[in-house]
Amino acid sequence: MLNWGPVFVAVVLFVLLTPGLLFQVPGRNRCVEFGNFHTSGASIMLHSLLYFALLCVLLIAVKVHLYLG
């Protein structure tokens with residue numbers, strides 16, 4: 001059996017934390033903007049740090065496992 005937990009968590013977090021798709025921190029005009037489909041260097045850096053931190057917490061501390069097959 002293969003552990004699909006890390007793959008599932010990584011894909012979901014990548015989709016949710018893509019800058020400009022659902023939200024963008026920092027935004028161009030406000031601190032948080034929702035669904036504007038724009039991005040900046042600062043938002044890419046912040047979203048990638050959030051992605052890394054949440055991925056580490058979920059995979060190392062919580063130990064998410066999902067077995068299929």
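The basis for the numbers below is simple: all heavy atoms, side chains too, and nothing from hydrogens, waters or symmetry mates.
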Of all the heavy-atom pairs spanning Ser48 and Met45, show the shortest one and how long it is. OG-O, 2.8 Å
May I ask whether Leu55 and Val62 are part of the same hydrophobic cluster, defined by side-chain heavy atoms of I, L, V, M, F, W, Y residues being less than 4.5 angstrom apart, directly or through others? yes
So CG of Leu59 and NE2 of His65: to nearest 0.5 Å the spacing works out to 9.0 Å
Do you know the tightest heavy-atom contact between Arg28 and Thr39? NH2-O, 3.3 Å
Between Leu17 and Leu54, what is the shortest heavy-atom contact and its length? CD1-CD1, 4.0 Å
Report the distance from atom OG of Ser43 to atom NE2 of His38, rounding to the nearest 0.5 Å. 11.5 Å
Here the pair of heavy atoms bringing Val64 nearest to Pro6 is O-CD, 4.2 Å
Roughly how far, to the nearest 0.5 Å, is the CG atom of Leu22 from the CZ atom of Phe37? 8.5 Å
At what distance, to the nearest 0.5 angstrom, does CZ of Phe14 lie from CG of Leu21? 9.5 Å
On the 0 to 90° scale, with breaks at 30° and 60°, tag the His47-Phe23 ring pair as parallel, tilted or perpendicular. tilted
Does Leu2 reach the side chain of Tyr67, with side-chain heavy atoms less than 4.5 Å apart? no
How close do Pro19 and Ile44 get, counting heavy atoms only, and between which atoms? CG-CA, 4.1 Å
Leu58 versus Leu13: any side-chain heavy-atom pair under 4.5 Å? yes
Assigning hydrophobic clusters by single linkage (Ile, Leu, Val, Met, Phe, Trp, Tyr; side-chain heavy-atom cutoff under 4.5 Å), is Leu16 placed with Leu46? yes
